[in-house]
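Please read the structure below before turning to the comments.
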Amino acid sequence: MELFRKVKEIRAGAYITAASVTDIFFIIRKETHDTRRLYVVMDNIFRVVSVLSVTEQDIKEAFGKKWKDFEDCVQYTTGKNNRIDYIITVNHKDYEDDLLPVITPAAWIEMIDHTQRN
């Protein structure tokens with residue numbers, strides 16, 4: 001949640017893929033067991049991030065890369081094709097390409113804090 005607070009605070013452009021929305025929805029529902037709270041949390045997320053469409057081109061390009069984790073490859077490919085600056089994830093080990101930087105939420109927050117201090 002600290003990541004979302006920082007994104008909102010500095011008004012950074014933040015994106016998730018359409019495929020991530022269903023994953024996030026499932027995880028929050030599983031953790032909260034509260035449909036009303038689920039929709040409040042999702043609404044708050046949508047106030048901070050925009051949703052990127054995953055195209056057929058993204059899927060085919062990701063499939064052609066033959067990564068061990070196809071879902072992460074789709075995220076990466078969609079981000080790269082939309083010219084985002086970073087992939088922010090705690091699961092950086094499965095990202096096999098280095099054309100798009102992959103950093104942890106803590107590293108991104110530290111980078112932003114450092115930039116704001118200077």
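Along the sequence shown, residues carry numbers from 1.
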Check whether more than 12 heavy atoms from other residues, nucleotides or ligands sit under 6.0 Å from atom [atom1] of [X], and answer yes or no.
| X | atom1 | value |
| --- | --- | --- |
| Glu110 | CD | no |
| His33 | NE2 | yes |
| Glu56 | CD | no |
| Phe70 | CZ | yes |

Within one Ile-Leu-Val-Met-Phe-Trp-Tyr cluster: [X] and [Y], side-chain cutoff 4.5 Å:
| X | Y | answer |
| --- | --- | --- |
| Tyr86 | Phe4 | yes |
| Ile84 | Ile88 | no |
| Ile10 | Met111 | yes |
| Tyr39 | Phe46 | yes |
| Leu99 | Val74 | no |

Checklist entry - Would you call the rings of Tyr95 and Tyr76 parallel, tilted or perpendicular, where under 30° means parallel and over 60° means perpendicular? => result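 Judged by the thresholds at 30° and 60°, the geometry between Tyr95 and Tyr76 is tilted.
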
Checklist entry - Of the non-hydrogen atoms in Asp94 and Trp67, which two are nearest, and what is the gap between them? => result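 Scanning both residues, the minimum pair turns out to be O-CE3, 3.5 Å.
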
Next on the checklist: For a quick test of reading the model, state the closest non-hydrogen atom pair linking Ala18 to Val54 and the distance between them.
Outcome noted: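 Closest pair (atom of Ala18, atom of Val54, distance): N-CG2, 4.4 Å.
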
Next on the checklist: On the six-membered ring of Phe63, is Lys66 placed so that its NZ or CZ lies under 6.0 angstrom from the centre and within 45° of the ring axis?
Outcome noted: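 Judged by the rule, Lys66 and Phe63 form a cation-pi pair.
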
Item to check | Between Lys93 and Asn91: side-chain donor-acceptor atoms closer than 3.5 Å | outcome: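 Short answer, yes.
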
Reported [atom1]-to-[atom2] distance for the pair [X] and [Y], which is rounded to 0.5 angstrom:
| X | Y | atom1 | atom2 | value |
| --- | --- | --- | --- | --- |
| Thr77 | Asp97 | OG1 | CG | 8.0 Å |
| Leu100 | Thr78 | CG | OG1 | 11.0 Å |
| Leu3 | Lys8 | CG | NZ | 13.5 Å |
| Asp58 | Asn81 | CG | CG | 5.0 Å |
| Ile45 | Ser20 | CD1 | OG | 10.5 Å |
| Leu52 | Thr17 | CG | OG1 | 7.5 Å |

Item to check | Inter- and intrachain pairs under salt bridge (Lys or Arg N to Asp or Glu O under 4.0 Å), touching residues 16-40, at least two apart | outcome: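 Pairs touching residues 16-40 that pass the test: none.
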
Next on the checklist: Using modelled atom types and a 3.5 Å cut-off, is there a donor and acceptor pairing between side-chain atoms of Asp69 and backbone atoms of Glu71?
Outcome noted: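 A pair under 3.5 Å: yes.
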
Checklist entry - Glu96 side chain to Lys68 main-chain N or O, any donor-acceptor pair under 3.5 Å? => result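 Checked: pair present.
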
Item to check | Criterion salt bridge (Lys or Arg N to Asp or Glu O under 4.0 Å) on Lys6 and Asp113, from CA distance to verdict | outcome: CA-CA 9 Å; Lys6 182 60 77 172; Asp113 287 345; 2.6 Å; yes

In the structure I gave you, are the side-chain heavy atoms of [X] and [Y] within less than 4.5 Å of one another anywhere?
| X | Y | value |
| --- | --- | --- |
| Thr89 | Val102 | yes |
| Ile28 | Met42 | yes |
| Pro101 | Asp85 | no |

Next on the checklist: Could you walk me through whether Phe25 and Leu38 satisfy the side-chain contact (heavy atoms from CB on, under 4.5 Å) test, starting with their C-alpha distance in whole Å, then the side-chain angles of each, then the deciding distance to 0.1 Å, before giving a yes or no?
Outcome noted: CA-CA 7 Å; Phe25 191 94; Leu38 165 65; 3.3 Å; yes

Checklist entry - With Val49, which of Ile24, Ile16, Val21, Val7 fulfils side chain to side chain contact (heavy atoms under 4.5 Å, CB included)? => result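 Checked Ile24, Ile16, Val21, Val7 against Val49; only one passes side chain to side chain contact (heavy atoms under 4.5 Å, CB included): Ile16.
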
Next on the checklist: Does this structure show an ion pair linking Glu2 with Arg5, if we count only N-O contacts that are shorter than 4.0 Å?
Outcome noted: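 No, Glu2 and Arg5 are not salt-bridged.
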
